[in-house]
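Counting starts at 1 for both ligands and their atoms, in listed order. What you are looking at is a predicted structure, and each value in this text was computed from that prediction instead of being measured.
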Amino acid sequence: MAIEEKIKVVTGTIGDDIHSFGIKVIEHALSDAGFHVVPLGIQTSQEDFIEAAVETNAGAILVSSMSGHARLLCEGLREKCVEAGLKNIILYLGGTLSTGDAPWDELEQMFLRMGYNRVYPPTVMPGQIMENLKADLAEKY
Ligand code: B12
């Protein structure tokens, strides 16, 4: 059985963020690629992401953040995952992650240090994400 048929993927837009279009595109791409998607929608708290991942035994959480407040909204998710027993869960983050003009490399490094496995700019193509996710899941499961 292909890895995407076995593993569930939780998706949503984090915190008070109401932007829904980007994560919908990603969810469609995931479904088209054969993944089981657990879509939590907009304004998803860190706790909701974790609860859904625990309940569904998910292998990855894909977090969207568009409002520019990703640093505040996304910090601490990895630690909460570990506390909930999701030590190895794959965390991806994408969207418009900052309101400033920090260079992409700096932003990416900051979120990697927070424990996200991969961090994507708004220009990422869904095909790239699917390729990375299949490879990362295959390594862990
Ligand atoms: C449409 C829109 C809205 C709509 C949202 C409607 C909806 N149902 O989604 C409305 C009008 C409601 C809105 C509101 C606001 N918005 Co607005 N919005 C936009 C806009 C114009 C387009 C976003 C969009 O839908 N793009 C199309 C989708 C398909 O692309 P995408 O979202 O970028 O997603 C792609 C990638 O980012 C990536 N991706 C996204 N998520 C993820 C997750 C993962 C894991 C991965 C791998 C990839 C990934 O893949 C997606 C598909 O290719 C952008 C500007 C822009 N051009 O991006 C501003 C923008 C995002 N909004 C902005 C702001 C500030 C707001 C408000 C705070 C404004 C206000 N003061 O009220 C509020 C939000 C309030 C809140 N609580 O969240 C700012 C964010 C600031 C920043 N980050 O620099 C932007 C960038 C505009 C700007 N230039 O200032 N907005």
Heavy-atom side-chain proximity of Lys8 to Asn57 below 4.5 angstrom: no
Side-chain heavy atoms of Gln109 within contact of Arg113, under 4.5 Å: yes
Atom 62 (N) of ligand 1: the protein heavy-atom neighbour that sits closest, reported with distance to 0.1 Å: His19 NE2, 3.1 Å
Side-chain heavy-atom pair Val10, Ile89 within 4.5 angstrom cut-off: no
Residue portion contacting ligand 1 (non-hydrogen atoms closer than 4.0 Å) for Val25: side chain
Per-residue contact class, Asp17 against ligand 1 - non-hydrogen pairs under 4.0 Å: both
Proximity to ligand 1 by part of Leu97, non-hydrogen separation under 4.0 Å: neither
Closest protein heavy atom to atom 79 (C) of ligand 1, given as residue, atom name and distance to 0.1 Å: Met66 O, 4.4 Å
Is_contact(atom 82 (C) of ligand 1), protein non-hydrogen, under 4.0 Å: yes
Region of Phe21 that comes within reach of ligand 1 [heavy atoms, distance under 4.0 Å]: both
Closest protein heavy atom to atom 9 (O) of ligand 1, given as residue, atom name and distance to 0.1 Å: Ser20 N, 2.6 Å
Ligand 1 contacted by Ser98 (non-hydrogen, < 4.0 Å): yes
Atom 70 (C) of ligand 1 protein-contacted (non-hydrogen atom, under 4.0 angstrom): no
